[in-house]
A.B. asks: 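First the structure, then my questions, so here it is.
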Amino acid sequence: PESLASINAQYMGFGGGGTDQLETQRSIITSFPVIRRTAAHLGLFDDCHTEEDSTEMVLGVQAHIETSQEGYTNIIGIEATGARPESARELADAVAEVFAEYNNAQKNEKAKQHRIFVEEQREQARRTLALAEDSVQAYREQEQLVSIDAQASVILSQINTAKQELQRLEQDVRAFHAGRAAD
């Protein structure tokens, strides 16, 4: 007679989070999407011909998986039962592997969505800043306001031009006096 053997399978650690986070992770480990991927990973759908057959296969596999928190740690134990210890171990290992991949894919998707959101917010902030700068420029032009830095730059340029003109005129005067002295 075949008996179901409970096999100590795979342990996974989770940093941070409290009991709620661990409960969520435990639920995800035994969720339909993770168990469906596990069944596919193990090739259990080979004899399934309809969606109903596939669903029954997933529900059957799901019935053989349990999770538990290891004491007061952030470790989740995955236990699988099966007709043979080897198949139970293989199932538990597959669930752990598929869950790790699934969990990473979910985290990557959330990070991608967060990045897209931040980029959209940054672009909106740039547009808002450009509109504000345009409004400030229009106001300055309307009120004929000049910035002190810009005005100082213009005045400095005019002073330099005047100095150059003065030097040219002084050279012309010296040349004129030198020419008169020679006469």
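This chain uses plain numbering: 1 for the first residue, then up along the sequence. The figures here come from the full heavy-atom set of this structure, side chains too, leaving out hydrogens, waters and symmetry mates. Remember, predicted model here, so these are calculated numbers, not experimental data.
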A.B. asks: Using the test side-chain contact (heavy atoms from CB on, under 4.5 Å), find all partners of Q171 that sit at least two apart in sequence or belong to another chain.
C.D. replies: R174

A.B. asks: For E79 versus S68, what's the shortest heavy-atom pair and its separation?
C.D. replies: OE2-OG, 4.4 Å

A.B. asks: The criterion is side-chain hydrogen bond (donor to acceptor under 3.5 Å, both in side chains); which residues satisfy it with T67, sequence neighbours excluded?
C.D. replies: R26

A.B. asks: So, applying side-chain hydrogen bond (donor to acceptor under 3.5 Å, both in side chains) with E109, which one of Q113, Q106, K112 is it?
C.D. replies: Q113

A.B. asks: Tell me, please, which residues at least two apart from E143 pass salt bridge (Lys or Arg N to Asp or Glu O under 4.0 Å).
C.D. replies: none

A.B. asks: State, with a plain yes or no, whether a side-chain heavy atom of L42 is found less than 4.5 Å away from one of E90.
C.D. replies: yes

A.B. asks: How long is the gap from CG on L59 to OG1 on T55, to the nearest 0.5 Å?
C.D. replies: 6.5 Å

A.B. asks: So, do I76 and Q69 sit near enough that their side-chain heavy atoms are less than 4.5 Å apart?
C.D. replies: no

A.B. asks: With clusters built from Ile, Leu, Val, Met, Phe, Trp and Tyr whose side-chain heavy atoms come within less than 4.5 Å, directly or transitively, what are the remaining members of the cluster of I155, listed by chain and number?
C.D. replies: I159

A.B. asks: Taking only residues two or more places apart in sequence or in another chain, which ones pass side-chain contact (heavy atoms from CB on, under 4.5 Å) with E52?
C.D. replies: T50, E56

A.B. asks: Give the minimum heavy-atom separation between C48 and M57, together with the two atoms involved.
C.D. replies: SG-CB, 4.0 Å

A.B. asks: Which pairs, with at least one residue in residues 39-49 and sequence neighbours excluded, count as a side-chain hydrogen bond (donor to acceptor under 3.5 Å, both in side chains)?
C.D. replies: none

A.B. asks: Side chains of residues 121-139: which donor-acceptor partners sit under 3.5 Å, not counting sequence neighbours?
C.D. replies:
from: T128; atom 1: OG1; to: Q124; atom 2: O; distance (Å): 2.9
from: S135; atom 1: OG; to: L131; atom 2: O; distance (Å): 3.0
from: Q137; atom 1: NE2; to: E141; atom 2: OE2; distance (Å): 2.9

A.B. asks: Mind checking the CG-CG spacing from L22 to N74? Nearest 0.5 Å is all I need.
C.D. replies: 5.0 Å

A.B. asks: Tell me the closest heavy-atom pair linking A80 and A88, and the distance in Å.
C.D. replies: CB-O, 3.2 Å

A.B. asks: Who pairs with Q164 by side-chain contact (heavy atoms from CB on, under 4.5 Å), at least two apart in sequence or on another chain?
C.D. replies: none

A.B. asks: Quick one: list whatever passes side-chain hydrogen bond (donor to acceptor under 3.5 Å, both in side chains) with E170, sequence neighbours left out.
C.D. replies: none

A.B. asks: I would like to know whether T81 and E66 meet side-chain contact (heavy atoms from CB on, under 4.5 Å); could you show each step before the answer?
C.D. replies: CA-CA 9 Å; T81 56; E66 288 189 25; over 6 Å; no

A.B. asks: Taking the side chain from T24 and the backbone from D20, do they hold a donor-acceptor pair closer than 3.5 Å?
C.D. replies: yes

A.B. asks: Do L91 and H64 pass the side-chain contact (heavy atoms from CB on, under 4.5 Å) test, and can you show the C-alpha distance, the side-chain angles, and the key distance before you say yes or no?
C.D. replies: CA-CA 9 Å; L91 177 57; H64 292 282; 4.0 Å; yes

A.B. asks: Before accepting this row, confirm whether a basic side-chain N of the pair D93/R89 lies closer than 4.0 Å to the acidic partner's carboxylate O.
C.D. replies: no

A.B. asks: Which pair of non-hydrogen atoms, one from V34 and one from V95, has the smallest distance, and what is that distance?
C.D. replies: CG1-O, 4.5 Å

A.B. asks: Heavy atoms, side chains only, cut-off 4.5 Å: are R37 and F99 in contact?
C.D. replies: no

A.B. asks: Applying side-chain contact (heavy atoms from CB on, under 4.5 Å), name anything that partners R36, two or more places apart in sequence or on another chain.
C.D. replies: F32, F45, E51, S54, V58

A.B. asks: What pairs with E119 under side-chain hydrogen bond (donor to acceptor under 3.5 Å, both in side chains), at least two apart in sequence or on another chain?
C.D. replies: R115

A.B. asks: Under the rule for side-chain hydrogen bond (donor to acceptor under 3.5 Å, both in side chains), what residues qualify as partners of Q167, not counting sequence neighbours?
C.D. replies: none

